[in-house]
Every structure is written in structure tokens, then in C-alpha cells.
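One structure is given here, and the rest of the page talks about it.
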Amino acid sequence: MKLADIKHWTPEVEKEITTRWRALERFRFTLGTKPIYSIDTPPPYINAPIHLGHATTYSYMDFFARYKRMRGFDVLFPLGLDRNGLPIELSTEKKYNITPHKIGRESFIEACEKMLNETGEESVGSFADLGISFTSYQHGKHIGAVYHTDSPEYRALTQATFVNLYLQGIIYEDTRINNWDPKLQTTIADSEIEYHEIPSTFNHVKWKVKETGEEIIIGTTRPELICTCAMVIYNPEDSRYKHLAGKHAITPLFGKEVPIKEHPFASIEKGSGLVMMCSAGDTHDIQFFREQKLKPTIAIEKNGKMNDHAGFLAGLKVKDARAKIIEELNAQGLLAKQENIVHRTPVSERSKAEVEFIEMPEFYLRQQDCKEDLLALARKMKFYPENARKLLEDWIHQVSIDWPISRRRYYATPIPLWHSDGKIAVPPPGKYYVPWKEQPPADSTVLENGKKTGTVRDFPSLAWTGETRVLDTWFDSSISELYVLQYKRNDEFFAKAYPATLRPQGKEIVRTWLYYTLLRGHLETKKACFKDVWIHQHITDEQGRKMSKSLGNVIDPQKIIAKHGAEALRLWAAIEGNLAKGDLRCSEEKISAEVKTINKLINVAKFVLQFEKPKKTPALTATDQLFIDFLENITALAEENYEQYDFFTPMLKLRNFLWEIFASHYLELVKGRAYNRDGEFSAEESDSARHALYRLLERWITLCHPIIPQATSTIGEALGIDLHACTFPSAKQGTSDLAQIDEIAAFNTHIWKLKKEKGISLNSPLEGITIPANLGAFAKDLKACHKL
RNA sequence: GGACUCGUAGUUUAGCGGCUAUAACGGCUCGUUUACACCGAGCAGGUCGUCGGUUCGAAUCCGACCGGGUCCACCA
């Protein structure tokens with residue numbers, strides 16, 4: 001739509017523009033001579049529509065992308081869609097009311113695919129409506145095409161990296177106690193655990209010392225694990241228990257004899273000072289058992305129920321077993337005291353089930369060896385804001401076990417291995433394999449005891465069983481930048497583009513996405529995989545609370561766009577706060593207020609366009625030069641801050657300039673001179689005004705184009721400028737005294753107030769006013785403006 | 001327990017050593033002036049969380065405390 005036809009800026013006006021833009025594929029990537037600026041965007045899950053956080057953060061990324069294009073970069077800004085892993089499985093289970101255990105693997109995967117196909121790609125439409133300038137909105141083989149994380153190409157790369165790491169021994173299989181999600185029936189990594197405050201009881205249980213028959217009290221929150229106790233410890237400094245050294249304790253109810261030792265792990269203040277060391281209470285127990293060379297007793301099965309080791313508790317779920325044993329201890333007078341406490345309990349991030357610790361064979365990726373390397377790489381990347389680096393460093397420091405990467409789930413990348421009689425077949429990297437329903441390719445490498453013994457072709461008589469486990473979703477996601485930069489697919493491009501320029505992401509996935517990506521990048525390339533990392537905070541409601549369905553405070557970006565438009569949403573996102581600094585509080589009222597700014601801009605532009613633009617640059621009057629210099633000053637500020645991913649500081653100034661300086665004061669001041677209806681100004685003076693009006697408008701829309709591309713482009717078209725191909729201006733600092741703008745504004749306000757007090761209209765003449773001496777240079781404009 | 005972050009008009013917020021502390025929304029009073037009533041002009045509204053310190057001068061720097069939010073660790 002043409003500027004002249006727009007009465008008000010509406011969502012309908014936007015729809016026409018964004019639909020056209022989406023079809024144009026204007027930002028397709030072509031490998032040229034320009035430097036590359038690449039953004040490793042976070043692929044959203046497609047099973048739910050995008051929320052306001054997505055809308056806002058992708059708008060920011062679009063600011064970055066559009067700005068960098070204006071700075072002469074070839075920008076790679078791809079759209080990825082996440083379709084792997086547990087969220088997909090869980091929403092499939094919910095949608096069709098099925099479980100994989102009931103309907104079987106193959107049917108379940110088909111159901112997941114069906115769900116994904118039915119879900120469609122609403123989010124792609126939302127991004128287009130927002131005016132996000134992705135490299136492409138189309139699928140295909142081109143660089144920057146829309147990609148799916150469950151595509152054969154993506155999964156083939158995931159498997160290729162698995163194969164390489166496996167052959168190097170960086171990935172290995174081992175049977176050890178690990179975090180177990182009893183609901184999802186799979187091992188999970190530390191990073192997938194969150195802690196919930198759950199009410200629990202701290203039970204003081206009476207034990208007996210074998211040698212002396214004395215009674216001792218041991219406190220525990222997990223009495224159902226008494227049957228797995230292998231040792232009782234106290235702190236070496238704890239004089240109360242010195243006499244127990246070398247003696248034995250008898251477990252209550254189970255009557256098992258366990259040694260009593262001193263160990264610094266026990267603290268004197270907590271409980272009674274005596275600790276029962278059980279296998280699989282938590283990961284520390286596991287470490288303790290390894291250190292003491294104790295044999296763990298596994299009493300909890302993978303279905304979350306107690307087994308025969310638990311005696312009379314066998315068959316009960318952990319929670320029920322806990323209740324039952326407390327009841328039994330109480331009945332036998334073995335419970336000295338019981339306190340209600342709130343226990344920080346580890347739960348599975350995805351299923352919210354309480355994590356158990358059980359022993360399973362799983363694949364692990366060695367990550368403890370490279371902690372120092374990763375810390376060094378973390379120091380090489382630039383963080384915006386700088387203090388976000390600490391989130392990553394803290395996590396790296398606390399990594400204490402290898403990363404379990406195998407999952408006993410279904411809709412994910414299969415582990416590309418086959419087994420037969422102690423031999424393992426490893427396929428050649430590059431293709432997508434589904435081992436649980438395919439045979440290994442003939443040229444697969446065969447390993448026995450970790451050594452190559454030929455290929456599958458050499459063992460024609462062997463029957464191969466495909467691996468049924470799949471890979472942790474983070475094992476896929478952590479190569480997103482490698483995939484986007486065409487790793488192992490387009491070597492020329494990869495060599496030029498790697499490392500990626502920017503990783504934009506939320507603070508809550510530093511320990512997962514950022515950490516794992518850094519780790520995988522390091523293992524593949526030995527380099528830091530990003531130059532810049534931009535960490536953003538959250539979008540909350542007006543009171544600073546997280547948006548959640550249960551609170552009923554969720555704001556749907558699609559509704560916002562339909563009601564107020566994307567430009568208002570983007571402008572609000574830029575102006576309302578610095579997302580890298582703190583959470584952004586959102587209210588619909590504030591967004592709707594920015595619609596006014598867009599309309600103001602449209603009206604200012606219409607005003608300017610009614611004049612003819614002088615063909616030659618005239619000599620500029622002091623007034624015109626002053627306002628031009630003022631905007632030059634903001635230009636310098638914009639350039640400096642945009643480079644630091646700060647669009648907030650300059651946009652505040654630009655917005656203020658539009659309303660308070662350009663529209664309120666400058667336009668009023670030069671209106672008469674631009675019209676020059678009575679010929680009271682010279683042709684040159686009038687030209688100066690019209691030249692300056694155009695120059696200020698052009699500069700303003702250029703500076704704001706990354707943020708409000710639709711409105712500025714519409715104006716650009718009317719001015720004959722294609723902002724999409726426009727270079728970002730460099731500031732020319734002027735010599736005007738910029739403080740004079742404030743003085744002019746103050747004088748104007750003074751006159752306006754005076755006229756109001758006298759009850760005369762603003763364009764009536766006013767007698768007896770003298771222009772202050774310091775505003776002498778602007779006297780002619782001031783006189784004309786106020787009819788003095 | 002360790003760390004980070006934030007407390008400024010009714011609400012959201014700018015400022016982060018020096019003009020009378022920003023602005024928007026909301027409220028109030030005027031007003032259709034030829035870019036704009038999705039507007040204009042103006043008004044009211046603040047002991048800048050509390051208490052100390054540094055300084056000629058503190059919303060701004062330092063310390064303590066109070067109160068939000070977040071991350072990490074731990075709670076046998």
C-alpha cells in the first residue's frame with residue numbers, strides 16, 4: 001500500500017506488506033565477497049504456537065540481522081523448527097491418548113509424525129507476520145533454508161558426529177548408576193533435572209550397635225532405602241561417636257550388619273551426626289560407594305518400584321514404600337522422632353517425576369577431560385551482557401560426571417550401532433540410519449573389544465541386532481551451528497563461515513544448549529563455536545511474574561499482532577527495556593501505545609512529502625543546521641550501541657526525537673518557511689527548510705529501519721529509497737550548540753502557555769514579546785511560528 | 001551456603017557523581033491551529049527501599065539492613 005493511501009497504520013496494512021515480503025525471498029543467501037554474519041537461531045518446538053517470549057526475542061534477532069545487512073554483511077539468519085524429543089512425544093501421547101508402551105514403537109513413531117504433520121507450521125506464519133527477515137521461508141537445499149531437526153539430513157549429521165566420537169572412544173558405553181526418570185522410563189542427564197520444594201519428613205530411626213547393644217539414632221528422609229545401607233559414618237571430629245569406630249550397626253527391620261566408620265562427608269550439626277550410606281539415594285552416595293569400594297544394592301527397579309532387596313516393601317512404588325516402612329518402624333517403636341520438612345527434591349524437567357538413581361547400561365560422552373579447554377573457549381567468546389559468561393563458567397566448573405547421551409525413548413535420532421555376539425557394527429558416517437528396523441550397511445566397521453576387526457561384509461553369517469536406544473535431544477541441538485553452517489556438506493562455505501557469529505538464547509538454557517554446543521563444537525573443531533553470545537532474560541507479565549497458563553496471564557503474540565500490529569510490538573520490545581539486562585514486563589497497554597508512534601511517523605512523513613524536495617542542496621539556515629546536527633549526534637549513538645546489541649538506548653532517543661523535537665518543535669518552527677505562502681522568506685531559506693525536512697525524515701527512517709521495517713520501508717518507497725538495500729549512515733558531527741534545542745523548546749512552551757493564559761488560539765498574533773538574545777539566530781523562524 | 005540482579009510518580013520505566021529527577025500509560029483542565037482527534041497545548045502526581053559513610057555535592061559511589069526476582073551448590 002502507498003503511504004498516501006494510509007490513513008491509519010493498521011494490522012491490515014501490515015498483512016499486505018508481510019505477505020508480499022514472505023513471498024519475495026529477498027534475503028536469500030549468496031556466497032559472495034562480503035563478510036558473513038551468521039545467527040544460530042534457537043529452533044522453537046512446533047507443537048505449540050509461539051509465545052510472546054519468542055515473538056520478542058526473534059524481533060531482537062531481526063534487529064541484529066537487518067542492522068548487519070545495512071553494515072554490509074552477508075547475513076545468514078535461518079529458521080529452524082524443533083521436532084525432536086520428549087516434548088513431541090508427550091504432546092503426541094496427550095493428543096491421541098496413547099502411550100508407546102501400549103501401542104509399540106513403530107506405531108508410536110507414526111503417531112508422532114502424524115501429530116507433527118497435523119500441527120502444521122503456524123509458527124512460521126507468526127514469524128512472517130512479525131516481519132522477521134529470515135534468510136528464507138522455504139524448505140530446500142539452499143543455504144539458510146528452513147530446517148527441521150528431525151529431517152534425515154539433520155539426523156544424518158547427528159549420527160555422523162556420534163560415529164566419529166564413538167570410534168575415537170570419546171563416546172563409550174558403561175553400566176553405572178545414573179538419574180532415572182521412572183515416568184518416562186529413561187536415563188536423563190544432570191542438566192535435565194530441576195529441583196522442586198516438596199514436603200517430606202525427616203525421620204529419626206533407632207538402630208542398634210552389634211558389639212555393645214547400644215541404641216543409636218540416624219536421621220533420614222529416605223527410610224525405604226535402609227535395605228541398601230552399606231555403611232554408617234560420622235565425622236572424624238565428632239567426639240560423641242569415637243567409641244563406635246570399627247564396630248558394626250544393625251539395620252532396623254532388616255537386621256543387616258554394616259560397618260561404622262569415620263568420614264568427613266558426615267557433618268556434626270546435621271541430624272544426629274550419624275549418616276546411613278545407601279546406594280542410590282543421590283549422586284553423592286554413588287561417589288561414596290565408588291570411593292569406599294562398596295557394592296551397591298539396587299532396591300529400586302526401573303519402573304520405580306521396590307524389588308526383592310527391599311523385603312516386605314517389594315512391589316511397592318517408592319513413595320508407598322516410604323509410607324509403609326515409616327508405619328512399620330513406628331509400630332515397632334523404632335521411630336524416635338519425625339519432623340516435617342520441605343525437601344528440595346530432584347525432578348525430571350520434562351515429566352516432573354521425582355528422579356531415582358538406578359543402574360543401567362548407557363552411552364556416555366567424556367566431558368570431564370575438557371573442562372579446562374571449555375573454560376578457555378568460554379573466555380574467548382564475547383558475551384552480551386558480559387556477566388552472562390559467569391552462568392556458563394559456573395556450570396562448567398560443577399560438571400562432575402560424563403554426559404549420559406542415550407535415552408530409552410522413541411521420537412529422536414537413533415543411535416547408529418548394531419550388535420552381534422560381542423561385536424559392534426559402526427556404519428560409515430553421512431547417511432541416516434534406523435538400526436532398530438534396518439540391517440547394517442556392508443561397509444560398516446566391526447569392532448570387537450574396541451578394536452577394528454573388519455567390516456560387516458567380512459562376517460556374512462552374523463545376525464545383527466540394531467540398537468534401540470536413541471540420543472538425548474541436546475545431542476542433536478548442540479550441533480545446530482554446525483548444521484546451519486553446512487558442516488560436512490559444503491566445505492567451502494563452512495571454512496568461510498565458521499565459527500558462527502552470534503548465538504542468541506535465553507539464560508535458562510545456558511547449562512544445556514550453550515554448554516553442549518560449546519562442548520560439541522570443541523570436539524569437532526577445537527574452536528570456540530561463536531564469536532558473540534547474546535543472553536536474554538524473560539518476558540513477564542506486568543507484575544513481573546512468569547507467564548503461565550495456570551496464572552492466566554499469558555499474552556498471545558498472534559492476538560497482539562492482529563489487534564495492534566507487529567510494528568507496535570517490535571517498537572515496544574525495543575523501547576520498553578533492555579532484554580539483556582533484565583526481565584521485560586509486558587502490558588498490552590504499553591504495546592498499544594506504540595501504535596501511536598507509528599501513526600505519528602506516518603503523519604510526519606505525509607507532511608514532509610507534500611513539499612517538493614529541492615534538487616540542489618541549499619545553504620542551510622541556523623535552525624535547520626541545528627536540528628540536522630542533533631540527529632547526527634543520535635546517529636553516532638545509534639551506531640555505537642547497535643554494535644553492542646543495544647537497540648534500546650538509541651531507540652529511546654529516536655522516539656523522543658520524533659515526538660518531542662521533530663514533530664513538536666521543528667515542524668512548527670519551519671512550517672511557515674517551508675510553505676512560504678506570503679513570500680516572507682527568501683527562496684533559499686524556504687529551500688533550506690524543505691531540504692532539512694527531507695534529510696531529517698530520511699535519516700530517521702534509516703536509523704529505525706531495523707526495528708520498524710514495515711513503516712519505514714513504506715515511507716522509504718514514497719521517498720524513492722529502498723531501505724532494504726540501504727547502507728547504515730555514518731555520523732557527521734556538526735558544530736551547532738545542541739543545547740539550543742532545549743532553549744528553543746522552552747521558549748515555545750513559554751509562548752504556548754502565555755497564549756493559553758490569554759485565552760487566544762495558538763496561531764493568533766501576540767504583541768510585545770522579545771526574543772531572548774541567545775536565540776537570536778532563530779529569531780525569524782520563532783517570530784513566524786508564533787506570529788510575534 | 002555461594003553468586004547475580006533489581007527496588008525511582010497510581011502503573012511501567014529513563015538517568016548510574018553536578019541543571020528545577022526522564023518519559024509513556026492512566027488522571028485532570030483547555031482546545032477542532034490547513035501532517036496527525038489513534039491529535040494538540042497545559043496541569044497535578046516523586047522524602048529516587050531503609051539507615052549509615054565517602055564527597056563541596058549522592059537516585060547515582062561504598063557499607064549494612066529490608067524487600068522482590070534468578071542461577072548454582074547443599075540439606076544424609
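Just so we're on the same page: letters track the sequence lines, and every chain starts at 1. Because the structure is predicted, anything quoted here is derived from the model rather than measured.
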message: Between B:G63 and B:A24, how far apart are the two P atoms, rounded to whole Å?
response: 36 Å

message: What contact category does A:A605 fall into here, base, sugar-phosphate, or nothing, at under 4.0 angstrom with non-hydrogen atoms?
response: nothing

- prompt: Is A:K507 near enough to B:C4 that one of its side-chain N or O atoms lies under 4.0 angstrom from OP1 or OP2?
  reply: no

- prompt: Rounded to the Å, how far apart are A:R511 CZ and B:C72 C1'?
  reply: 9 Å

- request: For B:A9 versus B:C65, give the span between their C1' atoms, rounded off to a whole number of Å.
  value: 26 Å

- request: Go through the side-chain N and O atoms of A:E743 and A:N774 and say whether any donor and acceptor fall under 3.5 Å apart.
  value: yes

task: Can you tell me the distance, in whole Å, between the CH2 atom of A:W752 and the C1' atom of B:C43?
output: 16 Å

query: How long is the line joining CG of A:D742 and P of B:A23, in whole Å?
result: 11 Å

message: Tell me which nucleotide, if any, is Watson-Crick or G-U wobble paired with B:C71 when both distances must be under 3.5 Å.
response: B:G2

query: How is A:E594 classified with respect to the nucleic acid when contacts are heavy atoms under 4.0 Å: base, sugar-phosphate, or nothing?
result: nothing

statement: RNA chain B nearest-nucleotide lookup for A:V595 and A:E508: closer to the 5′ end is A:V595

task: Tell me which nucleotide among B:A35, B:A41, B:C25 gets nearest to the side chain of A:A593.
output: B:C25

query: Taking side chain as C-beta onward, heavy atoms only, is A:L654 less than 4.5 Å from A:W700?
result: yes

- line: Checking N1-N3 plus N6-O4 or O6-N4 for Watson-Crick, or N1-O2 and O6-N3 for wobble, each under 3.5 Å, the partner of B:C43 is B:G27

d(CG, A:L514; P, B:C72) in whole Å: 14 Å

query: In this structure, which one of A:I561, A:I708, A:T714 forms a side chain to side chain contact (heavy atoms under 4.5 Å, CB included) with A:E567?
result: A:I708

statement: To the nearest angstrom, the CG-P distance between A:L754 and B:C43 comes to 13 Å

- prompt: Contact class for A:R677 (heavy atom, under 4.0 Å): base, sugar-phosphate, or nothing?
  reply: base

- request: Indicate, with a heavy-atom threshold strictly under 4.0 Å, whether A:Q537 touches base, sugar-phosphate, or nothing.
  value: nothing

query: How far, in whole Å, is B:U13 from B:C19 if one measures between their P atoms?
result: 24 Å

query: Nearest nucleotide by nearest heavy atom, which residue falls closer to the 5' end of RNA chain B, A:K753 or A:T220?
result: A:K753

query: Which part of the nucleic acid does A:W659 contact within heavy-atom distance under 4.0 Å: base, sugar-phosphate only, or nothing?
result: sugar-phosphate

Partner nucleotide of B:C61 by Watson-Crick or wobble geometry (both distances under 3.5 Å): B:G53

task: For A:E668, report the nucleic acid contact type (base, sugar-phosphate, nothing); a contact means any heavy atom under 4.0 Å.
output: base

- prompt: How close or far is atom C1' of B:C36 from atom CD1 of A:I6, stated in whole angstroms?
  reply: 14 Å

query: Side-chain N or O of A:Q398 less than 4.0 angstrom from OP1 or OP2 on B:A73?
result: yes

- prompt: Side chains of A:D624 and A:Y666: do they bring a donor and an acceptor to under 3.5 Å?
  reply: yes

Rounded distance in Å between the P positions of B:U50 and B:U34: 49 Å

message: If I take atom CG in residue A:D583 and atom P in nucleotide B:U70, what distance separates them, rounded to the nearest angstrom?
response: 8 Å

message: I want to check one thing: is the phosphate of B:G40, taken as OP1 and OP2, less than 4.0 Å away from some side-chain N or O of A:K600?
response: yes

message: I'd like the C1' distance from B:G45 over to B:A21, given in whole Å.
response: 14 Å

task: Answer yes or no: does a side-chain N or O of A:R655 lie under 4.0 Å from OP1 or OP2 of B:A23?
output: no

- prompt: Phosphate oxygens OP1/OP2 of B:C39: is one of them under 4.0 Å from a side-chain N or O of A:N599?
  reply: no

task: Mark yes or no for a side-chain to base donor-acceptor pair under 3.5 Å between A:K390 and B:A3, with no hydrogen or angle criteria applied.
output: no

field: Separation between the P atoms of B:G69 and B:G17, rounded to whole Å
entry: 29 Å

- prompt: Which of these nucleotides, B:U12, B:A35, B:A14, is closest to any side-chain atom of A:R585?
  reply: B:U12

- prompt: CD of A:E237: more than 12 outside heavy atoms within 6.0 angstrom?
  reply: no

message: Just to be sure I understand the rule, does A:F648 reach a base, reach only the sugar-phosphate, or reach nothing, if contact means heavy atoms closer than 4.0 Å?
response: sugar-phosphate

query: Considering every strand shown, what is the Watson-Crick or G-U wobble mate of B:C16 when both distances are under 3.5 Å?
result: none

message: Please tell me whether A:E588 and A:H564 have a donor and an acceptor in their side chains that are separated by less than 3.5 angstrom.
response: yes

message: It should be established whether A:T749 places a side-chain nitrogen or oxygen under 4.0 Å from OP1 or OP2 of nucleotide B:G42.
response: yes

message: Students often get this wrong, so: under 4.0 angstrom with heavy atoms, is A:L667 touching a base, only sugar-phosphate, or nothing?
response: base

- prompt: Quick one: are A:I325 and A:F254 in side-chain contact, heavy atoms under 4.5 Å?
  reply: yes

message: With rounding to the closest Å, how many angstrom separate the C1' atoms on B:U55 and B:G49?
response: 23 Å

message: Less than 4.0 angstrom between a side-chain N/O of A:S592 and OP1 or OP2 of B:A24, yes or no?
response: no

message: When you compare the side chains of A:E668 and A:H786, does any donor N or O come within less than 3.5 Å of an acceptor on the partner?
response: no

message: For a quick check of understanding: with a heavy-atom distance under 4.0 Å over all strands, which category does A:K671 fall into, base, sugar-phosphate or nothing?
response: base

- request: Using a heavy-atom cut-off of under 4.0 Å over every strand shown, decide if A:T221 touches base, sugar-phosphate, or nothing.
  value: sugar-phosphate

message: Please tell me whether A:T623 and A:D781 have a donor and an acceptor in their side chains that are separated by less than 3.5 angstrom.
response: yes

message: Measure CD/A:E660 against C1'/B:A23 and give the value in whole Å, please.
response: 8 Å

message: What's the gap between B:A35 and B:U20 when it is taken at their C1' atoms, as a whole Å value?
response: 33 Å

